[in-house]
There are 2 protein chains.
Amino acid sequence: MPATKEGDRVNFPSYPHEVLAVVLSVRDGRLCVLLWKRARSPHRDRWALPGGGVESTERFREAITGHLAAKVDVRDVAHLEQLATHSRVDRDPRARVLATGYLGLVPSDVEPDLPSDTAWHPVEELPRTAFDHHHFIEAATGRLRAKLSYTNIGFALAPLEFTIAELRDLFGAALGYQPGATNLTRVLTRRHVIDPTDRRASSGQSGGRPATVYKFVTRELTVTDPFAVLRPPR
Amino acid sequence: MPATKEGDRVNFPSYPHEVLAVVLSVRDGRLCVLLWKRARSPHRDRWALPGGGVESTERFREAITGHLAAKVDVRDVAHLEQLATHSRVDRDPRARVLATGYLGLVPSDVEPDLPSDTAWHPVEELPRTAFDHHHFIEAATGRLRAKLSYTNIGFALAPLEFTIAELRDLFGAALGYQPGATNLTRVLTRRHVIDPTDRRASSGQSGGRPATVYKFVTRELTVTDPFAVLRPPR
DNA sequence: GAGGTTTTCGCTCCAGAGGCGATAACTAGG
DNA sequence: CCTAGTTATCGCCTCTGGAGCGAAAACCTC
């Protein structure tokens with residue numbers, strides 16, 4: 001850090017800064033978050049979010065990716081975005097630690113093998129979590145639910161290819177209610193979020209008409225007509 | 001900071017952390033941002049956002065309020081919310097400084113008296129700004145525009161009482177296009193964002209029918225039917 | 001090929017955004 | 001007091017897009 005003149009130095013107070021990842025995925029029909037069990041004090045034996053400090057040459061995104069790698073194959077994380085930064089003085093009993101949350105999403109069909117201290121937990125029946133981590137989890141689920149309805153973020157929860165029934169169940173788990181399959185199809189196709197392929201799924205266990213296989217048009221986050229109201233003139 | 005046992009210490013790297021406020025307001029029919037001119041190096045004579053470091057007992061909100069007080073009467077800031085946190089290593093040439101942005105809004109009718117180094121600048125014709133501050137300004141205007149259409153955030157840009165014409169001009173300045181007065185009224189009243197009072201404005205300079213005086217139902221941020229799509233069953 | 005199952009399509013309905021012209025409600029000037 | 005000018009507001013229409021339901025399609029098994 002070149003400090004040329006005396007008056008040029010930054011003399012703002014410094015704080016340890018951590019990044020925390022709320023990795024969400026639909027497991028077994030339920031929206032789950034990836035947690036690991038702390039082996040050491042403080043908050044020993046409580047479940048915590050993956051995360052940790054930020055190295056001096058790292059940006060947040062690299063830092064969170066690095067910490068995440070200890071718990072899960074980061075190539076399985078299809079989407080990652082920043083949440084809010086918390087500044088509560090006592091969120092960590094040991095020292096004042098600032099924390100920036102991240103939302104990560106893993107498609108429902110990938111099955112990363114996890115370390116023995118790590119597991120998926122349904123967000124509807126969370127165990128006691130360490131520190132203030134539940135705040136981050138709430139923020140993350142809220143963000144996911146909001147974005148499901150005005151972005152294509154579903155791509156990060158769904159397999160590369162899927163049927164409408166599967167997608168409806170995914171949305172159902174993530175949103176907390178089941179959208180109608182008819183409407184879901186119409187809405188997402190009209191917005192060019194998903195596209196039918198020319199193949200059909202082999203009709204499952206109990207017979208029935210084979211479903212069309214769909215895929216997301218793009219697997220990068222796009223906002224679809226974000227503000228349906230107070231539109232600009234055309 | 002009580003560090004009980006050796007292993008209990010947090011040994012994450014620490015960084016200076018600053019908070020920056022993007023204070024927006026409609027001045028003279030244009031959306032403006034509050035900037036002050038740096039007198040010292042680095043980036044001397046460039047325009048910068050209000051802000052600064054975070055004291056050890058402060059939370060971000062208190063910190064930003066404190067720094068803001070040096071430039072403007074904070075009671076005039078009707079709304080304040082956090083934006084993203086930037087972690088670029090070289091955003092400040094002197095040292096690595098993490099920065100959390102805030103969006104602040106000042107109603108168009110309050111005229112805070114500003115220090116001589118501080119002034120409003122239209123966001124459409126910004127001067128060269130210091131550091132990476134233009135990124136924060138872009139994020140702030142984007143957030144404001146988005147929220148204008150699905151929240152009641154307009155209360156923080158408008159006077160306590162106003163006519164529809166005034167409100168239309170405010171929205172026009174903030175959004176970059178003029179919504180139709182008819183539609184604006186219908187949308188905002190149907191959503192119970194604004195309410196007519198029983199008084200009328202004295203018809204201005206050039207005659208004409210006196211306009212009904214409206215006011216915002218509440219002056220706290222509320223989200224109005226955030227997700228107009230993929231609704232839950234009723 | 002009959003009966004069961006699941007998907008998909010067509011039809012309708014409805015809420016809410018958006019536009020435009022007619023009318024209301026004032027001022028100013030004669 | 002009447003008229004012209006100006007601005008606000010309301011009523012009526014359209015249009016987009018979400019939501020529901022039942023019939024038909026497409027498969028399976030027996």
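FYI, side chains are in, hydrogens and waters are out, and symmetry mates aren't considered; it's all heavy atoms of this structure. Lettering of chains follows the sequences in order, A, B, ..., and the numbering in each one begins at 1. Here the structure is a predicted model, which means the values were calculated and not measured.
- Side-chain atoms of A/Arg209 lie closest to D/dA25 of the nucleotides D/dT9, D/dA25, C/dC26.
- No donor-acceptor distance shorter than 3.5 angstrom exists from the side chain of B/Arg91 to the backbone of B/Phe131, with no hydrogens or angles considered.
- A straight line from CZ of B/Arg191 to C1' of C/dG16 spans 9 Å, rounded to a whole angstrom.
- Between A/Ile164 atom CD1 and D/dA19 atom P the separation is 15 Å, expressed in whole Å.
- One atom, CG of B/Asn183, and another, C1' of D/dA8, lie 16 Å apart when rounded to the nearest Å.
- When rounded to the nearest whole Å, the span between CZ of B/Phe171 and C1' of C/dG18 equals 16 Å.
- Following rounding to the nearest Å, A/Leu188 (CG) and D/dG18 (C1') show an atom-to-atom distance of 12 Å.
- Judged by distance alone, with hydrogens and angles left aside, the side-chain atoms of B/Trp36 form no donor-acceptor pair with the main-chain N or O of B/Trp47 at under 3.5 Å.
- Following rounding to the nearest Å, A/Glu166 (CD) and C/dT6 (P) show an atom-to-atom distance of 14 Å.
- Contact annotation for A/Thr182: base contact, defined as any heavy-atom pair under 4.0 Å involving a base atom.
- Within the 4.0 angstrom heavy-atom criterion, base atoms lie near A/Arg190.
- Nucleotide D/dA19 holds its P atom 11 Å from the CG atom of A/Leu175, rounded to whole Å.
- Between the base of C/dG16 and the side chain of B/Arg186 there is no donor-acceptor pair shorter than 3.5 Å.
- Side chains of A/Ser25 and A/Arg27: a donor on one and an acceptor on the other come within 3.5 Å.
- Nucleic acid contact class of B/Ala165 (heavy atoms, under 4.0 Å, all strands): sugar-phosphate only.
- With hydrogens and angles left out, the side-chain atoms of B/Glu220 and B/Asn152 include no donor and acceptor closer than 3.5 Å.
- A/Leu184 places its CG atom 14 Å from the C1' atom of C/dT8, with the value rounded to the nearest Å.
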